[in-house]
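Worksheet: the structure to be examined is printed underneath.
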Amino acid sequence: MNLSFLDMWRRRTAPGGSVPLAESVRADPGSVVELLSECELLRDQAATAGVELDDSVRSLEELDQLQPVWRDDPEVLPWLGNDAGLYLGTVLVRTVPGTVWHVRPDGQPVVRLASGREIDVVTTGHEWADDGAPELSQVYAEVAEG
């Protein structure tokens with residue numbers, strides 16, 4: 001996979017300095033969409049349960065119905081929560097017009113709506129993985145109608 005923004009991020013701009021990730025992402029937004037949509041751990045968990053993650057709203061509904069077996073593994077839980085948030089963001093970016101990924105200066109990826117409102121999908125994903133609430137499909141519905 002060619003992710004040119006990573007090369008930019010790694011490149012030194014001056015001795016001892018580096019390009020912030022947020023700046024690199026702005027230079028190559030297509031690559032960041034591809035990178036953030038991978039969600040490998042979540043995709044593996046879903047596939048094991050017979051759920052295909054096809055970047056659709058329906059797949060969010062199916063994720064909401066999964067048995068939360070990951071909660072028994074404290075090493076998997078935070079990674080799965082991160083992936084769940086990134087997957088929610090991926091579905092939003094691919095299906096809600098005017099919605100884009102934005103990386104804050106601190107490196108936190110968020111979804112920015114056409115209105116300028118930002119949704120911290122990673123935090124939402126962690127809450128879903130930890131507690132099952134809010135449901136991913138519910139967050140999608142609230143964001144898509146607003």
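In plain terms, the two heavy atoms of Trp128 and Ala84 that are nearest each other are CE3-CB, 3.5 Å. Considering all non-hydrogen atoms of both residues, Ala114 and Pro97 come closest at CB-O, 4.4 Å. Here the closest non-hydrogen pair linking Gln108 and Asp120 is NE2-OD1, 3.1 Å. When all heavy atoms are compared, the tightest approach of Ala46 to Leu66 is CA-CD1, 4.4 Å. Considering every non-hydrogen atom in both Cys39 and Leu36, the closest pair reads SG-O, 3.5 Å. In terms of heavy atoms, Val111 sits closest to Gly89 at CG2-CA, 3.6 Å.
Considering OH of Tyr87 and CG of Leu42, their distance stands at 8.0 Å, rounded to 0.5 Å. Taking CG from Asp131 and NE2 from His126, the interatomic distance works out to 12.5 Å, rounded to the nearest 0.5 Å. Within the model, atoms CG of Asn82 and OG1 of Thr123 stand 9.5 Å from one another, a figure rounded to the nearest 0.5 Å.
Among residues two or more places apart in sequence or in another chain, the side chain to side chain contact (heavy atoms under 4.5 Å, CB included) test is passed with Asp73 by Glu75, Val76.
For the pair Val110/Arg104, a side-chain contact is recorded, criterion being any heavy-atom separation below 4.5 Å from C-beta on. Proximity of Asp130 to Leu77: side-chain heavy atoms (C-beta onward) are separated by under 4.5 Å at one or more points. Between Arg112 and Thr99 there is no side-chain heavy-atom pair separated by less than 4.5 Å. Here the side chains of Leu86 and Trp101 are in contact, with some heavy-atom distance below 4.5 Å. You'll find the side chain of Glu62 reaches within 4.5 Å of the side chain of Arg58, heavy atoms only. By the 4.5 Å heavy-atom criterion applied to side chains, Glu52 and Ser59 are not counted as neighbours.
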Quiz: residues 136-146 side-chain donor-acceptor pairs under 3.5 angstrom, not counting sequence neighbours:
residue: Ser137; atom: OG; partner: Asp64; partner atom: OD2; Å: 2.6
residue: Gln138; atom: NE2; partner: Glu142; partner atom: OE2; Å: 3.2
residue: Tyr140; atom: OH; partner: Thr95; partner atom: OG1; Å: 2.8

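A donor-acceptor pair under 3.5 Å links the side-chain atoms of Arg71 to the main chain of Ala129, judged by distance alone. Looking only at distances, a side-chain donor or acceptor of Arg43 sits under 3.5 Å from a matching main-chain atom of Glu38. With Asp54 contributing its side chain and Ser56 its backbone, the two residues share a donor-acceptor pair below 3.5 Å.
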Could you walk me through whether Leu60 and Glu135 satisfy the side-chain contact (heavy atoms from CB on, under 4.5 Å) test, starting with their C-alpha distance in whole Å, then the side-chain angles of each, then the deciding distance to 0.1 Å, before giving a yes or no? CA-CA 8 Å; Leu60 292 174; Glu135 291 185 338; over 6 Å; no
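The hydrophobic clustering, which links ILVMFWY residues whose side-chain heavy atoms are closer than 4.5 Å, places Val100 and Leu113 apart.
Atom CZ of Arg94 is surrounded by more than 12 heavy atoms from other residues, nucleotides or ligands within 6.0 Å.
The side chain to side chain contact (heavy atoms under 4.5 Å, CB included) test with Leu53 singles out one residue from Asp44, Val91, Leu63, and that residue is Leu63.
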